[in-house]
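Take a look at the structure set out below.
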Amino acid sequence: MIHDVNVSVRLALIQVLAVILGVVMTRIAFMGCGYPDSNLDWDALALVVRNHGYVLLLAPVAWNTTVVYLENYGTVRWSKRMTVFTGILLIAALVLLFFWCCSNPYNGRMRYATEQ
């Protein structure tokens with residue numbers, strides 16, 4: 001017996017996969033640039049994603065919880081169409097974030113050690 005799966009669960013799965021692949025690709029981009037031994041000025045956002053990207057796994061969980069609540073118990077009119085729209089919007093935002101972090105792991109400047 002196969003049960004119907006809510007569309008929000010499928011979208012949340014895609015969001016989780018985007019987060020996992022994005023963090024792994026960001027770490028690979030840093031390794032390709034020689035992190036931490038290289039003397040580059042590392043981008044702060046990319047460093048946060050590289051070091052603490054697992055926290056972004058809370059975004060699909062929070063989105064899914066909110067959407068299921070709004071569909072079943074919310075006082076506002078919420079439809080499956082809005083669920084699909086916001087789910088795809090979150091996927092696009094995550095993909096853009098990880099694309100930015102992978103393509104810009106450093107600011108293009110060198111850090112120079114100052115001797116005292």
Side-chain angles (χ1 to χ4, degrees):
M1 182 171 177
I2 299 174
H3 298 285
D4 289 334
V5 177
N6 196 346
V7 69
S8 65
V9 174
R10 292 181 180 144
L11 287 171
L13 178 64
I14 295 170
Q15 293 165 0
V16 167
L17 290 175
V19 169
I20 292 170
L21 287 175
V23 171
V24 168
M25 294 304 293
T26 301
R27 292 183 69 87
I28 289 171
F30 270 90
M31 285 191 311
C33 293
Y35 180 82
D37 298 329
S38 182
N39 199 19
L40 296 171
D41 185 20
W42 303 106
D43 186 48
L45 178 62
L47 269 176
V48 168
V49 168
R50 182 200 179 276
N51 294 331
H52 305 289
Y54 57 87
V55 175
L56 290 172
L57 287 172
L58 293 175
V61 173
W63 173 81
N64 198 11
T65 304
T66 304
V67 163
V68 168
Y69 177 80
L70 288 174
E71 280 184 3
N72 294 323
Y73 306 111
T75 57
V76 295
R77 277 190 96 146
W78 193 267
S79 64
K80 288 193 186 281
R81 186 174 292 173
M82 287 298 295
T83 299
V84 171
F85 176 73
T86 58
I88 292 174
L89 191 66
L90 183 58
I91 292 169
L94 289 170
V95 167
L96 285 174
L97 169 71
F98 293 126
F99 180 73
W100 171 261
C101 291
C102 289
S103 62
N104 297 314
Y106 60 91
N107 292 325
R109 298 184 299 263
M110 299 287 284
R111 286 184 313 187
Y112 295 104
T114 58
E115 294 184 34
Q116 296 184 19

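Position 1 is the first residue of the sequence; numbering continues from there.
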Original post:
Is there a side-chain contact between Pro105 and Thr26, using heavy atoms and a 4.5 Å cut-off?
Top reply: no

Original post:
Taking only residues two or more places apart in sequence, or in another chain, which ones meet Phe30 in a ring pair (Phe, Tyr, Trp, His ring centres under 6.0 Å)?
Top reply: Tyr35, Trp42

Is there a path of hydrophobic side-chain contacts, each under 4.5 Å between heavy atoms of I/L/V/M/F/W/Y residues, joining [Y] to [X]?
{"X": "Met82", "Y": "Val7", "result": "yes"}
{"X": "Met25", "Y": "Ile14", "result": "no"}
{"X": "Leu56", "Y": "Leu45", "result": "yes"}
{"X": "Ile20", "Y": "Val23", "result": "yes"}
{"X": "Trp78", "Y": "Ile88", "result": "yes"}

Original post:
CG of Leu21 to CD1 of Ile28: how many Å apart, nearest 0.5 Å?
Top reply: 9.5 Å

Subject >> Point-to-point distance, once rounded to the nearest 0.5 Å, from CG of Asp43 to CG of Leu40 >> reply: 11.5 Å

Original post:
Do you know which two heavy atoms are closest between Pro60 and Ala12, and how far apart they sit?
Top reply: CB-O, 4.0 Å

Original post:
So, for Asn64 and Ser8, which heavy atoms are closest and what is the spacing to 0.1 Å?
Top reply: OD1-OG, 3.0 Å

**OP:** Please assess Glu71 against Asn6 for the test side-chain contact (heavy atoms from CB on, under 4.5 Å), listing each intermediate value before the final yes or no.
**Re:** CA-CA 11 Å; Glu71 280 184 3; Asn6 196 346; 3.6 Å; yes

Subject >> Flag, side chain of Asn72 to backbone of Val68, donor-acceptor distance under 3.5 Å >> reply: yes

Original post:
Within the distance-only criterion (no hydrogens, no angle test), does the side chain of Gln15 pair as donor or acceptor with the backbone N or O of Gly87 below 3.5 angstrom?
Top reply: yes

Table please: side-chain donor-acceptor pairs of residues 46-53 below 3.5 Å, with sequence neighbours left out.
from: Asn51; atom 1: ND2; to: Leu47; atom 2: O; distance (Å): 3.3

Original post:
Between Val76, Thr83, Thr86, which is the residue that forms a side chain to side chain contact (heavy atoms under 4.5 Å, CB included) with Leu70?
Top reply: Val76

Subject >> Derivation and outcome, side-chain contact (heavy atoms from CB on, under 4.5 Å), residues Asp41 and Tyr106 >> reply: CA-CA 6 Å; Asp41 185 20; Tyr106 60 91; 5.8 Å; no

N/O donor-acceptor pairs under 3.5 Å from side chains in residues 91-102, not counting sequence neighbours:
none

